[in-house]
Amino acid sequence: MLYDYVQQCDFVAVFDADFQPEPDFLIRTVPYLVHDPRVALVQARWEFVNPNEFLMTRIQKMTLDYHFKVEQEAGSSMFAFFGFNGTAGVWQISSVKEAGGWEDRTTVEDMDLAVRVGLKGWKFIYVGDVKVKSELPSNLKAYRRQQHRWTCGAANLFRKTGREIMLTKEASFGRNLYLIYSFFFIRKVVAHVVPFMLYCVVIPLSVLIPEVRVPVWGVVYIPTAITLLYAIRNPSSIHFIPFWILFENVMSFHRTKATFIGLLELGSVNEWVVTEKLGNSSCTKPAPQILEKPPCRCWDRCTISEILVAIFLFFCATYNLVHGSDFYFVYIYLQAITFLIVGTGFCGTSRSNS
């Protein structure tokens with residue numbers, strides 16, 4: 001953006017290194033910016049070259065499909081605002097300059113830019129039929145770090161921009177309310193903390209403390225509703241829904257930690273580790289796997305915090321099996337096994353190009 005020739009340009013297209021846009025990408029996106037000069041961003045959808053490589057990449061695809069189809073599309077159609085995904089998008093350069101350019105105050109500089117541009121009253125358009133191929137991280141450590149960066153950065157951005165959003169006069173009241181409540185508070189804080197606290201803390205503890213009773217809507221109705229919503233969106237992956245629920249509960253543990261690190265600005269709030277990609281997934285088609293035996297030493301891949309949660313859940317499940325009158329132990333055992341599998345590194349791949 002600092003080169004002289006940029007002064008002659010009206011738009012800038014942004015891609016991560018592993019993204020593979022089609023030759024007609026600009027032809028299908030730039031006209032939106034030309035037609036309406038108040039449109040700041042046209043965001044395309046991500047497509048994946050390796051969703052069937054492992055169970056972990058299948059689950060990532062299901063989560064990101066929901067993000068694009070529901071969160072991005074809803075924000076675009078209702079409020080003309082959504083968070084820039086950091087890649088596969090075209091910006092109007094004048095909007096970037098008006099908002100003050102790129103900022104590196106958090107690890108989500110793409111979302112930071114989108115918020116500042118949105119508060120200036122610019123509009124965003126999500127174009128779901130324009131898809132750009134990319135690679136999903138298939139290394140568990142790389143995926144954990146990616147999720148930490150995304151979650152911690154978003155929470156930290158909420159802390160730094162909340163007051164600005166409430167006081168700004170350039171955007172409509174509806175957009176400001178959407179930003180504060182739905183975009184940040186619900187999706188960047190509540191959506192991470194509540195699943196872990198309910199399904200990995202409150203429900204297991206309720207079997208140890210008879211006075212604590214979790215209502216049936218919290219144990220059955222809400223999970224069933226969420227499952228049906230994802231099943232409708234991913235009919236071809238409906239048989240992976242149970243694995244998705246269990247794995248996402250494990251990841252909610254890490255996202256909860258990252259959320260509080262971001263909100264409280266603790267030690268690793270600005271930790272930036274580039275997400276490792278293998279770079280050869282589009283050329284090879286390995287057989288789909290659920291588990292892969294790690295070739296390195298086991299303790300090098302272990303995460304103690306996840307193993308401790310697994311031990312806690314095993315204890316609660318066994319107590320419920322011996323002394324309880326319900327069947328919570330079925331779910332708690334499955335969740336404990338998932339924490340143990342992820343915590344010992346038997347998930348994804350350990351391959352590396354470095």
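Nothing here was measured: the structure is a model prediction, and the numbers come from that model.
- For Glu170, the salt bridge (Lys or Arg N to Asp or Glu O under 4.0 Å) partners are Lys120, not counting sequence neighbours.
- Environment of NZ in Lys97: crowded, with over 12 heavy atoms of neighbouring residues, nucleotides or ligands closer than 6.0 Å.
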Can you give the donor-acceptor pairs under 3.5 Å from side chains of residues 189-207 to other protein atoms, not counting sequence neighbours?
| residue | atom | partner | partner atom | Å |
| --- | --- | --- | --- | --- |
| Tyr199 | OH | Gly218 | O | 3.2 |
| Ser206 | OG | Ile203 | O | 2.5 |

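- With sequence neighbours excluded, no residue forms a salt bridge (Lys or Arg N to Asp or Glu O under 4.0 Å) with Asp16.
- Val342 has its side chain within reach of Val250: a pair of non-hydrogen atoms, C-beta onward, lies under 4.5 Å apart.
- When side chains are defined from C-beta on, Leu119 counts as touching Leu179, because their heavy atoms get closer than 4.5 Å.
- For residues 92-130, the pairs satisfying ring pair (Phe, Tyr, Trp, His ring centres under 6.0 Å) are Phe81-Phe124, Phe82-Phe124, Trp91-Phe124, with sequence neighbours left out.
- Not counting sequence neighbours, the partners of Glu71 by the salt bridge (Lys or Arg N to Asp or Glu O under 4.0 Å) test are Arg187.
- When atom types are taken as modelled, the side chain of Thr106 and the backbone of Val108 share a donor-acceptor pair closer than 3.5 angstrom.
- Listed by first and then second residue, the salt bridge (charged side-chain N to carboxylate O under 4.0 Å, His left out) pairs involving residues 246-271 are Arg159-Glu265, Lys160-Glu265, Glu248-Arg255 (not counting sequence neighbours).
- Contact check for Asp65 versus Arg45: side-chain heavy atoms found under the 4.5 Å cut-off.
- In this structure, the side chains of Pro137 and Met56 stay at 4.5 Å or more apart for every pair of heavy atoms.
- Contact annotation: the side chain of Met111 approaches that of Phe183 to within less than 4.5 Å [non-hydrogen atoms, C-beta and beyond].
- Counting only heavy atoms from C-beta outward, the side chains of Val90 and Leu33 approach each other to under 4.5 Å.
- Other residues, nucleotides and ligands place more than 12 heavy atoms under 6.0 Å from the CE atom of Met1.
- For residues 305-326, the pairs satisfying salt bridge (charged side-chain N to carboxylate O under 4.0 Å, His left out) are Arg144-Glu306, with sequence neighbours left out.
- Listed by chain and number, the residues in a side chain to side chain contact (heavy atoms under 4.5 Å, CB included) with Leu321 are Phe329, Tyr333 (sequence neighbours excluded).
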Please assess Asp104 against Glu109 for the test side-chain contact (heavy atoms from CB on, under 4.5 Å), listing each intermediate value before the final yes or no.
-> CA-CA 6 Å; Asp104 60 357; Glu109 76 291 341; 5.6 Å; no

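- Alongside Leu266, the hydrophobic cluster contains Ile261, Leu264, Val269 (criterion: ILVMFWY side chains under 4.5 Å).
- Looking at residues two or more places apart in sequence or on another chain, you find a salt bridge (Lys or Arg N to Asp or Glu O under 4.0 Å) between Glu73 and Lys69.
- Within the 4.5 Å cutoff, the side chain of Gln92 has no heavy atoms near those of the Leu41 side chain.
- Every pair passing ring pair (Phe, Tyr, Trp, His ring centres under 6.0 Å) that includes a residue from residues 10-29 is listed here, sequence neighbours excluded: Phe15-Phe25, Phe19-Trp46.
- Listed by first and then second residue, the side-chain hydrogen bond (donor to acceptor under 3.5 Å, both in side chains) pairs that reach into residues 27-41 are Asp36-Lys123, sequence neighbours excluded.
- Glu98 has its side chain out of reach of Val117: every pair of non-hydrogen atoms, C-beta onward, lies at least 4.5 Å apart.
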